[in-house]
Amino acid sequence: MYGRDPWGGPLEINATDSATEEERSRNLQDLDRAALSRPLDETQQSWLLGPGEQKKKKYVDLGCIIVSRKIFVWTVGTVLFAAFLAGFIALIVNTVPRHHHKHPPPDNYTLALRKALMFFNAQRSGKLPKHNNVSWRGNSGMQDGKSSDTSSAIKDLVGGFYDAGDAIKFNFPAAFSISMLSWSVIEYSAKYEAAGELNHVKEIIKWGADYFLKSFNSTADTITSLAAQVGVGDTSGGDTPNDHYCWMRPEDMDYDRPVTECHSCSDLAAEMAAALASASIVFKDNKAYSKKLVHGATTLFKFSRDQRGRYSAGSSEAAIFYNSTSYWDEYVWGGAWMYFATGNSSYLKLATAPGLAKHAGAFWGGPDYGVLSWDNKLAGAQVLLSRLRLFLSPGYPYEEILRTFHNQTSIIMCSYLPVFTSFNRTKGGLIQLNHGRPQPLQYVVNAAFLAALYSDYLDAADTPGWYCGPNFFSTDVLRNFAKTQIDYILGKNPRKMSYIVGFGDHYPKHVHHRGASIPKNKVKYSCKGGWKWRDSSKPNPNTIVGAMVAGPDKHDGFHDVRSNYNYTEPTLAGNAGLVAALVALSGDKSTSIDKNTIFSAVPPMFPTPPPPPAPWKP
């Protein structure tokens with residue numbers, strides 16, 4: 001008889017009980033070995049072993065979360081190991097000697113740039129900052145504008161810059177100077193940063209802009225007058241003490257310094273608007289201050305349009321020293337800067353009005369065409385608006401006049417090249433932009449800046465050069481022109497003389513400058529008492545570092561004589577152009593212009609296209 005083997009196999013059971021106990025035990029042992037020799041499935045194992053005892057997991061309560069103790073230990077261990085590894089690496093880095101790669105020495109343009117900016121420190125008026133770094137200068141002009149005239153809206157004109165070797169503050173050339181410095185910072189802020197001079201030049205711009213805000217009611221939307229000048233320089237009135245008759249340190253001035261106001265001065269107001277508008281872009285990250293500058297510029301430009309006239313027409317002082325020939329170029333120049341500062345297309349429409357350009361002389365040549373100066377800004381405005389066409393291409397309705405400005409800019413650049421005869425050159429290679437008249441360097445540095453800048457514009461627009469008639473010239477040719485002119489000023493000339501005070505070993509020592517020529521020896525020299533220093537043949541006791549003098553004559557000749565201002569007097573406008581040209585040429589050529597900052601306030605040129613129509617449904 002057979003029964004079911006509980007291990008899965010057949011089991012034979014004998015019917016008889018005659019088997020002995022020993023035989024029965026031996027049979028069972030054989031059965032056990034047979035059963036154990038077969039593998040057991042999970043069910044069978046569970047029968048044999050019964051329910052297993054599960055291991056209890058352990059947890060860590062962190063308050064906000066409960067995590068497995070194993071995960072917690074691994075996490076803490078990993079963090080501690082990473083911290084140890086980081087500390088070990090830091091220890092190795094700090095203890096192992098490092099090989100410092102020396103930066104290449106700064107080029108001559110960078111060295112001269114640092115000195116040229118110091119001239120503005122020497123020209124500061126008012127309460128000087130502690131870090132002015134000109135030991136022989138002190139507070140001066142602390143009563144400027146504080147007259148007893150109660151009818152004037154202007155109550156305080158302390159601050160600003162003295163124009164040249166005297167202590168007069170002329171707003172017309174000073175505003176042009178701030179416009180040029182601001183333009184150079186907008187284009188070349190990276191180069192200023194590399195030279196370590198960005199904060200310095202921004203301080204100079206702010207010093208000038210703050211003073212201009214004092215020159216009119218900058219909180220109003222509409223004004224009827226503004227300050228044009230502080231001090232008097234006309235010596236035709238005899239021996240009356242004034243800023244030209246007297247030879248005194250600015251700190252010792254004790255004579256009356258009247259304020260000249262103007263009520264019809266489109267050129268001055270538009271130039272001051274350009275200065276504040278361009279400065280607002282420099283300080284765009286300081287939103288409150290930038291907004292203040294834009295408001296002041298808007299007020300000034302409105303005044304320039306409402307009250308037409310030349311600022312020098314009714315003032316013999318301005319006509320003698322800084323006569324303005326027209327205000328139409330300031331409209332184009334100021335309108336362009338107002339557009340960049342505000343994004344208001346009405347300013348661009350004005351700056352590109354053909355009638356305005358015609359009055360400014362954009363469509364006719366003339367001996368001074370293409371010469372940028374404190375009087376005529378047309379060449380600068382054309383380069384500035386060519387930039388707009390190169391990088392934004394606004395199209396209709398501005399394209400026609402912008403294309404004209406672009407073409408005129410190309411012609412101007414051609415006129416700077418030695419292969420053309422628009423301007424003569426001295427035997428030493430200095431271009432005669434003012435046709436042999438005195439004080440040539442202020443025009444040369446402006447041209448060098450425009451040439452270097454336009455070259456960088458073309459490079460940034462991936463344009464290898466430009467045409468002069470049928471001939472093609474590369475951007476390197478234009479940049480080389482700028483270099484040769486600045487190199488001449490730095491000492492590569494027949495006299496082997498640097499025309500920047502303090503640069504090189506051979507530079508002018510008898511600069512026409514009151515503060516530099518009178519020693520700071522605790523002696524107050526009177527109006528006439530300082531004449532002995534003016535007429536002295538000894539070098540100036542104080543070095544006015546960075547001052548670019550008026551320059552050589554058309555024969556490369558130069559007379560280092562203090563009394564001859566046509567050779568030895570520096571000016572704000574001259575040094576502003578010098579700084580702009582130097583920063584454009586300084587450093588590595590791979591550091592290009594800043595293409596976008598100037599457009600930061602300009603809205604998109606073209607409106608957002610409308611969304612596509614909804615799908616057609618039958």
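The first residue of the sequence shown is numbered 1, and numbering continues consecutively from there.
- Between Tyr416 and Phe481, the angle of the ring planes stays under 30°, which puts this pair in the parallel group of the 30/60° scheme.
- Taking the ring centre of Phe599 as origin, the terminal cationic atom of Arg387 falls inside the region bounded by 6.0 Å and 45° from the ring axis.
- Residues Ile186 and Asp594 fail the side-chain proximity criterion, which asks for heavy atoms closer than 4.5 Å.
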Q) Can you list the steps and then say if His200 with Asn121 is a side-chain contact (heavy atoms from CB on, under 4.5 Å)? A) CA-CA 10 Å; His200 186 190; Asn121 293 37; 2.9 Å; yes
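- Using a distance-only test at 3.5 Å, with no hydrogens or angles considered, no donor-acceptor pair links the side chain of Thr568 to the main chain of Val511.
- For the pair Glu317 (side chain) and Asp234 (backbone), a donor-acceptor distance under 3.5 Å is present.
- Between Glu197 and Lys191 there is no salt bridge, since no side-chain N of the basic residue sits under 4.0 Å from a carboxylate O of the acidic one.
- Atom CZ of residue Phe405 and atom OG of residue Ser386 lie 8.5 Å apart, to the nearest 0.5 angstrom.
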**Q.** Test side-chain contact (heavy atoms from CB on, under 4.5 Å) applied to Thr352 and Tyr339, step by step
**A.** CA-CA 11 Å; Thr352 56; Tyr339 173 67; over 6 Å; no
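- With Ser345 contributing its side chain and Leu348 its backbone, the two residues share no donor-acceptor pair below 3.5 Å.
- Side-chain atoms of Thr299 come within 3.5 Å of backbone N or O of His295 as a donor-acceptor pair.
- Comment: Asp556 does not engage Arg495 in a salt bridge, judged by the lack of any side-chain N to carboxylate O separation of less than 4.0 angstrom.
- Ring pair Tyr347/Phe301: centre-to-centre distance below 6.0 Å.
- At least one donor-acceptor pair under 3.5 Å links the side chain of Arg257 to the backbone N or O of Ala167.
- At distances below 3.5 Å, not a single donor-acceptor pair connects side-chain atoms of Asp267 with backbone N or O atoms of Arg310.
- Between the side chain of Lys202 and the main chain of Phe283, no donor-acceptor pair closer than 3.5 Å is present.
- Side chain of Glu569 to backbone of Gly165: a donor-acceptor contact under 3.5 angstrom is found.
- In this pair, Trp466 and Phe473 present their aromatic rings tilted. The plane angle is within the 30 to 60° band.
- Using modelled atom types, no side-chain atom of Asp329 and backbone atom of Trp333 make a donor-acceptor pair closer than 3.5 Å.
- Tyr499 and Tyr488 have parallel rings, their planes meeting at less than 30° on a 0 to 90° scale where 60° marks the start of perpendicular.
- In this structure, Gln485 contributes its side chain and Gly429 its backbone to a donor-acceptor pair below 3.5 Å.
- By the 4.0 Å N-to-carboxylate-O rule, Arg437 lies close enough to Asp368 to be salt-bridged with it.
- Using cut-offs of 30° and 60° on the angle between ring planes, the pair Trp183 and Trp337 is perpendicular.
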Q. Which is it for Tyr331 and Arg305 under the side-chain contact (heavy atoms from CB on, under 4.5 Å) test, yes or no, and what are the steps along the way?
A. CA-CA 8 Å; Tyr331 278 163; Arg305 298 287 292 163; 3.3 Å; yes
